[in-house]
Trainee: 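One structure coming up, written as structure tokens, with questions to follow.
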Amino acid sequence: MKYPFIAIAAAVLLCGCFTSEKPFYQQGDIVTDDRLVGTYDGGKPYHWEVRKADEGSYDVTVVGVGPNKSCLMEFTGVLFRLGTNQFIDLLPVIKACDHTSEGTAPALGLIEMLQAATIQPLHLVVKVHIGINEIGVGGLNDQWLQFAKQDAEEFFLNWRGPIPPLPRGPLRMNPDTQLQRAFLVRFGSDTNKFLFETMKRL
């Protein structure tokens, strides 16, 4: 069974980006909660539009508001639970922007080929609390991530390599789903590591 992934990018503007090449969940971790469906005001220059998609997944569009109204990003993703905590595994939707002429056979255009060769969508994990008229989304504390070697060295790429991550640069998880789940079980309830903001339903 195929499970696409969901959308929520705005939270990482406030907190640290925590990405991996592999999903952060296993099939048995997947849950659904249709209270997630709706449009939410982030109180910043963006809002979320969350729609139900295939079984076990949601589509989410993050839309700029005001001067950036035309700017948006789409994701698909999976809501999942580990212990008492819920998370969303997010993967951006890379849309082709170069198409063949109408009536011709489907083929990759120049931009599509460039996208395929250069863009690597990465999974992003966000902790989530779902209420009746609001949702809370929690990104990882950026300051803690920069010193993660002290608490969780084994979970990250590059710490043991010759070139460590740049200061304040995003860290990437070791692409092992079991290891990623272990990280979320270990730190998922730590409110000093996951910082939340609340978004109201419109």
Trainee: Following the transitive rule for hydrophobic clusters with a side-chain heavy-atom cut-off under 4.5 Å over Ile, Leu, Val, Met, Phe, Trp and Tyr, establish whether Val125 and Val185 coincide in one cluster.
Mentor: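 The answer is yes; both residues are in one hydrophobic cluster.
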Trainee: Compare all side-chain heavy atoms of Leu140 with those of Phe194 and state whether any distance is below 4.5 angstrom.
Mentor: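 Yes; the side chains approach each other to less than 4.5 Å.
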Trainee: So Lys52 and Asp34, side chain to side chain contact (heavy atoms under 4.5 Å, CB included) or not? Walk me through it.
Mentor: CA-CA 8 Å; Lys52 190 164 184 179; Asp34 289 346; 3.4 Å; yes
Trainee: If I compare all heavy atoms of Ser20 with all of Pro175, which pair ends up nearest, and what's the gap?
Mentor: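 Shortest heavy-atom contact: OG-CA, 3.7 Å.
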Trainee: Is there side-chain contact between Gln26 and Gln178, with heavy atoms separated by less than 4.5 Å?
Mentor: yes
Trainee: Sequence neighbours left out, what passes ring-ring contact (aromatic ring centres under 6.0 Å, His included) with Tyr40? Give chain and number order.
Mentor: none
Trainee: Using side chain to side chain donor-acceptor pair (under 3.5 Å) as the criterion, list what pairs up with Asp190, not counting sequence neighbours.
Mentor: Lys193
Trainee: Run the numbers on Thr39 and Trp48 for side chain to side chain contact (heavy atoms under 4.5 Å, CB included), then give the verdict.
Mentor: CA-CA 5 Å; Thr39 300; Trp48 288 6; over 6 Å; no
Trainee: For the atom pair OG (Ser57) and CG (Asp89), what is the distance rounded to the nearest 0.5 Å?
Mentor: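 The distance works out to 11.5 Å.
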Trainee: For Arg201, give me all partners under salt bridge (charged side-chain N to carboxylate O under 4.0 Å, His left out), at least two apart in sequence or on another chain.
Mentor: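 Scan of Arg201 (salt bridge (charged side-chain N to carboxylate O under 4.0 Å, His left out), adjacent residues dropped) gives none.
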Trainee: Can you list the residues that meet the side chain to side chain contact (heavy atoms under 4.5 Å, CB included) rule with Val31, with sequence neighbours excluded?
Mentor: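 Testing Val31 for side chain to side chain contact (heavy atoms under 4.5 Å, CB included), a comparison that skips the adjacent residues, returns Leu79, Arg81, Gln86.
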Trainee: If you apply the rule side chain to side chain contact (heavy atoms under 4.5 Å, CB included), what do you find for Glu21 with Leu122, and how did you get there?
Mentor: CA-CA 5 Å; Glu21 299 172 15; Leu122 295 174; 3.9 Å; yes
Trainee: As an exercise, state the distance from CZ of Phe80 to CZ of Phe24, rounded to the nearest 0.5 Å.
Mentor: 7.5 Å
Trainee: Looking at Lys22 and Asp176, is any side-chain nitrogen of the basic one under 4.0 Å from a carboxylate oxygen of the acidic one?
Mentor: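 Looking at Lys22 together with Asp176, the answer is no, because their closest N to O distance does not fall below 4.0 Å.
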Trainee: Tell me, do Arg181 and Asp29 make a side-chain contact under 4.5 Å, heavy atoms counted?
Mentor: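 Arg181 vs Asp29: side chains touch.
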Trainee: With a 3.5 Å distance limit and no angle check, can you tell me whether Thr61 reaches the backbone of Glu49 through a side-chain donor-acceptor pair?
Mentor: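 Answer holds: no.
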Trainee: Can you name the closest pair of heavy atoms from Thr177 and Pro23 and give their distance?
Mentor: OG1-O, 3.1 Å
Trainee: So do the side chains of Tyr25 and Val78 get within less than 4.5 Å of each other, counting heavy atoms only?
Mentor: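 Heavy-atom side-chain distance check passes, below 4.5 Å.
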Trainee: Can you list the steps and then say if His123 with Gln180 is a side chain to side chain contact (heavy atoms under 4.5 Å, CB included)?
Mentor: CA-CA 11 Å; His123 295 262; Gln180 294 168 176; over 6 Å; no
Trainee: Do Leu202 and Val37 belong together in a cluster built from hydrophobic side chains that touch within less than 4.5 Å?
Mentor: no
Trainee: Count I, L, V, M, F, W, Y as connected when their side-chain heavy atoms are under 4.5 Å apart, and connections chain through other members. Are Leu179 and Phe87 then in the same cluster?
Mentor: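 Same cluster.
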Trainee: Keeping Asn141 on the side-chain end and Asn192 on the backbone end, is there a donor-acceptor pair under 3.5 Å?
Mentor: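 Looks like yes, one N/O pair under 3.5 Å.
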Trainee: Thr32: which residues meet the side chain to side chain contact (heavy atoms under 4.5 Å, CB included) condition with it, sequence neighbours left out?
Mentor: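 By the side chain to side chain contact (heavy atoms under 4.5 Å, CB included) rule, Thr32 matches Tyr58.
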Trainee: Table please: side-chain donor-acceptor pairs of residues 127-138 below 3.5 Å, with sequence neighbours left out.
Mentor:
unit_1 : atom_1 : unit_2 : atom_2 : d
Lys127 : NZ     : Asn85  : OD1    : 3.4
Lys127 : NZ     : Gly188 : O      : 2.5
Glu134 : OE1    : Lys200 : NZ     : 2.6

Trainee: Rounded at 0.5 Å granularity, tell me how far CZ in Phe196 sits from OG1 in Thr191.
Mentor: 9.5 Å
Trainee: Are Ile30 and Leu82 connected in the hydrophobic side-chain network, where two residues link if heavy atoms are under 4.5 Å apart?
Mentor: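 As far as the 4.5 Å side-chain criterion goes, Leu82 and Ile30 are connected within one cluster.
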